[in-house]
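Notes follow the structure.
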Amino acid sequence: MRVIGFVGSPRKDGNSAALVRQALAGASAAGAETTIFYLNDMNIRGCQACMSCKGEGRRCRQADGMQELYDEITAADGIVIGSPVYMGYVSGQTKIFLDRLYAFYNPDLSSKLPKGKKAALVVSQGYSDGNAYSRAFEAVEHTLKTLGMEVPDRLVAAGIPDVTKHEELMKKAYEIGKKLVK
Ligand SMILES: Cc1cc2nc3c(=O)[nH]c(=O)nc-3n(C[C@H](O)[C@H](O)[C@H](O)COP(=O)(O)O)c2cc1C
């Protein structure tokens with residue numbers, strides 16, 4: 001089993017990064033190999049809408065950091081995406097990454113990915129109302145589902161300055177990671 005995590009915050013010592021690391025610790029305890037990717041450090045450009053991924057060869061032709069991630073996602077059994085809320089949605093780093101997953105759709109918009117992958121979104125926001133951005137999170141999860149992934153869980157840290165001090169949320173992140181392995 002292989003579970004990989006993506007951090008969409010530029011803050012490696014921030015909440016999203018802590019939650020992804022904690023979910024991966026849970027996955028690791030359940031027997032998975034894990035790797036974390038910090039999207040802000042990777043050279044990932046926005047989708048250029050060239051449609052190469054829909055043509056002959058069916059691959060994205062942008063030679064950037066996403067090429068490694070395409071292979072990683074194809075091979076993974078579980079995926080954790082951690083992001084802060086920026087202006088009511090996931091961060092730009094996360095959005096660019098999500099846009100690039102467009103390469104995983106066939107021309108008829110069916111998914112090229114093998115079925116059976118599980119994914120989870122772990123997010124952090126300043127606003128204390130954890131339901132305020134539900135629609136945004138649902139939109140991200142809908143995208144993952146259309147790619148053939150199951151998305152059983154979500155974690156929202158709302159108005160929590162340092163999530164590592166929040167025992168309940170850290171426990172939940174750990175359990176989410178464990179469940180990605182089953
Ligand atoms: C550019 C920017 C935009 C933000 N927009 C929102 C927002 O729309 N709603 C909100 O609740 N918090 C917003 N925040 C606060 C972050 O979501 C919050 O500080 C979050 O916990 C940061 O996560 P991190 O520790 O993983 O970086 C924003 C922060 C930044 C820097």
Side-chain angles (χ1 to χ4, degrees), residues 2-30 32-47 64-66 68-69 72-73 76 78-102 117-145 147 149 151-181:
R2 185 154 173 74
V3 177
I4 55 179
F6 300 101
V7 177
S9 172
R11 299 185 339 128
K12 283 190 188 149
D13 58 352
N15 283 351
S16 313
L19 291 169
V20 172
R21 283 194 290 263
Q22 182 72 350
L24 293 184
S28 176
E33 273 179 32
T34 65
T35 307
I36 191 163
F37 297 95
Y38 295 93
L39 298 174
N40 195 54
D41 286 352
M42 301 186 75
N43 168 33
I44 302 176
R45 291 187 73 213
C47 174
D64 66 3
M66 213 44 212
E68 177 190 357
L69 300 190
E72 288 282 351
I73 293 166
I79 288 163
V80 189
I81 300 175
S83 179
V85 169
Y86 281 179
M87 312 309 270
Y89 201 62
V90 290
S91 67
Q93 290 89 335
T94 310
K95 179 61 165 65
I96 282 177
F97 166 77
L98 291 171
D99 286 355
R100 294 290 297 280
L101 299 184
Y102 187 69
K117 296 183 195 297
K118 286 187 184 169
L121 191 60
V122 294
V123 289
S124 182
Q125 63 184 52
Y127 189 22
S128 59
D129 178 358
N131 295 315
Y133 306 110
S134 300
R135 285 204 179 166
F137 308 146
E138 279 163 22
V140 174
E141 289 163 354
H142 176 76
T143 292
L144 300 172
K145 287 176 192 170
L147 287 167
M149 299 180 197
V151 192
D153 290 301
R154 176 198 304 166
L155 185 156
V156 181
I160 311 287
D162 179 356
V163 78
T164 61
K165 298 204 169 93
H166 199 293
E167 209 176 305
E168 198 184 315
L169 287 174
M170 291 303 274
K171 193 162 175 248
K172 188 171 175 189
Y174 190 83
E175 292 304 321
I176 283 176
K178 262 174 116 173
K179 268 174 72 183
L180 288 175
V181 180

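All residue numbers in this chain count up from 1 along the given sequence. The model shown is predicted, which means the values in this text are computed figures rather than measured ones. For ligands, and for the atoms within them, numbers begin at 1 and follow the listed sequence.
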Looking only at heavy atoms, which two atoms of [X] and [Y] are closest? And how far apart?
X: Lys12; Y: Ala17; result: O-CB, 3.3 Å
X: Leu39; Y: Gln93; result: CD1-O, 4.0 Å
X: Val20; Y: Gly5; result: CG1-CA, 3.8 Å
X: Gln22; Y: Ala173; result: CG-CB, 3.7 Å
X: Gln125; Y: Val156; result: OE1-CG1, 3.6 Å

Ligand-residue contact atoms, ligand 1 with [X], heavy atoms, under 4.0 Å:
X: Gly88; value: 7 (C), 8 (O)
X: Gly14; value: 25 (O)
X: Met87; value: 3 (C), 4 (C), 5 (N), 6 (C), 7 (C), 8 (O)

Protein contact of [atom] - nearest heavy atom, named by residue and atom, plus distance:
atom: atom 31 (C) of ligand 1; value: Tyr86 CE2, 3.6 Å
atom: atom 18 (C) of ligand 1; value: Gly126 N, 3.6 Å
atom: atom 14 (N) of ligand 1; value: Val85 O, 3.3 Å
atom: atom 27 (O) of ligand 1; value: Ser9 OG, 2.7 Å
atom: atom 21 (O) of ligand 1; value: Ser124 OG, 2.6 Å

How long is the straight-line distance from [atom2] of [Y] back to [atom1] of [X], given to the nearest 0.5 Å?
X: Ile73; Y: Met149; atom1: CD1; atom2: CE; result: 6.0 Å
X: Met170; Y: Leu19; atom1: CE; atom2: CG; result: 6.5 Å
X: Thr164; Y: Leu169; atom1: OG1; atom2: CG; result: 11.0 Å

Report task. Decide yes or no for Phe6 and Thr94: does some side-chain heavy atom of the first lie under 4.5 Å from some side-chain heavy atom of the second? Result ->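 No, too far: nothing below the 4.5 Å cut-off.
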
Query raised in the report: Does an N or O from Pro84, backbone or side chain, lie closer than 3.5 Å to an N or O of ligand 1?
Result: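 In this structure, Pro84 places no N or O atom under 3.5 Å from an N or O of ligand 1.
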
Report task. Record the part of Arg11 in heavy-atom contact with ligand 1 below 4.0 Å; permitted values are side chain, backbone, both and neither. Result ->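 Looking at Arg11 and ligand 1, just side chain atoms fall under 4.0 Å.
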
Query raised in the report: What part of Ser16 sits under 4.0 Å from ligand 1 if we count only heavy atoms: the side chain, the backbone, both or neither?
Result: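 Under 4.0 Å from ligand 1, Ser16 contributes backbone and side-chain atoms.
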
Report task. Identify which of Tyr133, Tyr89, Tyr127 has a heavy atom lying nearest to atom 9 (N) of ligand 1. Result ->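 Checking each option, the heavy atom nearest atom 9 (N) of ligand 1 is found in Tyr133.
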
Query raised in the report: Can you find a protein heavy atom closer to atom 24 (P) of ligand 1 than 4.0 Å?
Result: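 So atom 24 (P) of ligand 1 has protein heavy-atom neighbours under 4.0 Å.
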
